[in-house]
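Take a look at the structure set out below.
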Amino acid sequence: MEQIGRHIAELHEALADSGAELVAVSKFHPVDALKEAYDAGQRIFGESRVQELLTKIPQMPADTRWHFIGHLQTNKVRSITGKTALIESVDSLRLLELIDREAERAGTVTRVLMQVHVAREETKTGFAPDELLDYFRTRGYESLRATHICGIMGMASNTDDQQRIIRDFQAIRDTFDTIRRMCPDLRGFDTVSMGMSGDWQTAVRCGSTLVRIGTAIFGPREY
Ligand SMILES: *Cc1c(COP(=O)(O)O)cnc(C)c1O
């Protein structure tokens, strides 16, 4: 367990020059492990299941910032509204609209990232880059009333092929840069979330501003 604190310190040190922030992906790990990371200075934690998030929130200090990083079912949006610092995994317009409606109803603003899909994998969660560009080109976000789109999130292919990983991260970063150029009026659109335990160094070199690391901090997950 004391390893967790050491891993956090090492990652903070390694990321300091890049300016990228660290999300400690704590899904499937017990609250004691999160506290260990908190005590080492970590404040942002990533969870992928609503029930687990809701169970952990009251057990952690109030200044813990929670990122939701998994597939969010529309019928669970209400239960996490007002509780997250960032929902990183908006993967459909239907979900985005619902997040917006619930945030407005609750009198809050929900910060989100749009999930972009570039990896060559069976599971295609998220928007294709072209779909995302269309959304921003047609200024779909102008109709949002209580949602702030802060950037995009993506994953590289799960492969050993380093060139493939670099191409995927570049595609994510390019999508982000194109949106920014296209929509200079989009304020606070500044986050590119990419990079996990196995590829975060590459992601940072490709322009990541937020890395999501689980295994390299907490060890393997027991599902
Ligand atoms: C689980 C998960 C991570 C962390 O993966 P590790 O390989 O354990 O670092 C990052 N991002 C998302 C979206 C995840 O679901």
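Counting from 1, the numbers follow the sequence of the chain as shown. Worth saying up front: this structure is predicted, and the values here are computed from it rather than measured.
Distance check, rounded to the nearest 0.5 Å: CZ of Arg212 to CH2 of Trp200 gives 14.0 Å. To the nearest 0.5 Å, atoms OG (Ser193) and CD1 (Ile172) are separated by 9.0 Å. In this structure, Thr74 OG1 and Glu97 CD are separated by 11.5 Å, a value rounded to the nearest 0.5 Å. To the nearest 0.5 Å, atom CD1 of residue Ile152 and atom OG1 of residue Thr209 are 10.0 Å apart. Expressed to the nearest 0.5 Å, how far CE of Met194 lies from CD1 of Ile165 amounts to 12.0 Å. Interatomic distance, CG of Leu86 versus OG1 of Thr191, reported as 6.5 Å (0.5 Å rounding).
Between the side chain of Ser18 and the backbone N or O of Ala20, at least one donor-acceptor pair lies under 3.5 Å. No donor-acceptor distance shorter than 3.5 angstrom exists from the side chain of Lys27 to the backbone of Gly70, with no hydrogens or angles considered. In terms of modelled atom types and a separation under 3.5 Å, the side chain of Asp100 and the main chain of Leu144 share no donor-acceptor contact. Judged purely by atom type and a 3.5 angstrom limit, Ser26 has no side-chain atom pairing as donor or acceptor with the backbone of His29.
Of the N and O atoms on the side chains of Gln170 and Arg173, not one donor lies less than 3.5 Å from an acceptor on the other residue. Of the N and O atoms on the side chains of Gln42 and His12, at least one donor lies less than 3.5 Å from an acceptor on the other residue.
Phe68 and Leu210 end up in different hydrophobic clusters when Ile, Leu, Val, Met, Phe, Trp and Tyr side chains are linked at under 4.5 Å. Under the 4.5 Å side-chain heavy-atom criterion for grouping Ile, Leu, Val, Met, Phe, Trp and Tyr, Leu54 is connected to Leu72 within one hydrophobic cluster. There is no path of hydrophobic side-chain contacts, each under 4.5 Å, that joins Val23 to Ile217.
Each salt bridge (charged side-chain N to carboxylate O under 4.0 Å, His left out) pair with one or both residues in residues 150-171, not counting sequence neighbours, appears once here: Arg164-Asp168. Applying the side chain to side chain donor-acceptor pair (under 3.5 Å) test to every pair with at least one member in residues 57-69, sequence neighbours left out, gives these pairs: Tyr38-Asp63, Arg43-Asp63, His67-Glu88.
Within 6.0 Å of the CD atom in Glu142, the count of heavy atoms belonging to other residues, nucleotides or ligands exceeds 12.
For the pair Met114/Tyr135, a side-chain contact is recorded, criterion being any heavy-atom separation below 4.5 Å from C-beta on.
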message: Between Asp134 and Arg137, is the salt bridge (charged side-chain N to carboxylate O under 4.0 Å, His left out) condition met? List the steps.
response: CA-CA 5 Å; Asp134 274 348; Arg137 189 179 299 113; 2.6 Å; yes
Which atom pairs, one a donor and one an acceptor, fall under 3.5 Å between side chains of residues 180-190 and the rest of the protein, sequence neighbours left out?
{"from": "Asp185", "atom 1": "OD1", "to": "Arg139", "atom 2": "NH2", "distance (Å)": "3.2"}
{"from": "Asp185", "atom 1": "OD1", "to": "Tyr141", "atom 2": "OH", "distance (Å)": "3.3"}
{"from": "Asp185", "atom 1": "OD2", "to": "Tyr141", "atom 2": "OH", "distance (Å)": "3.3"}

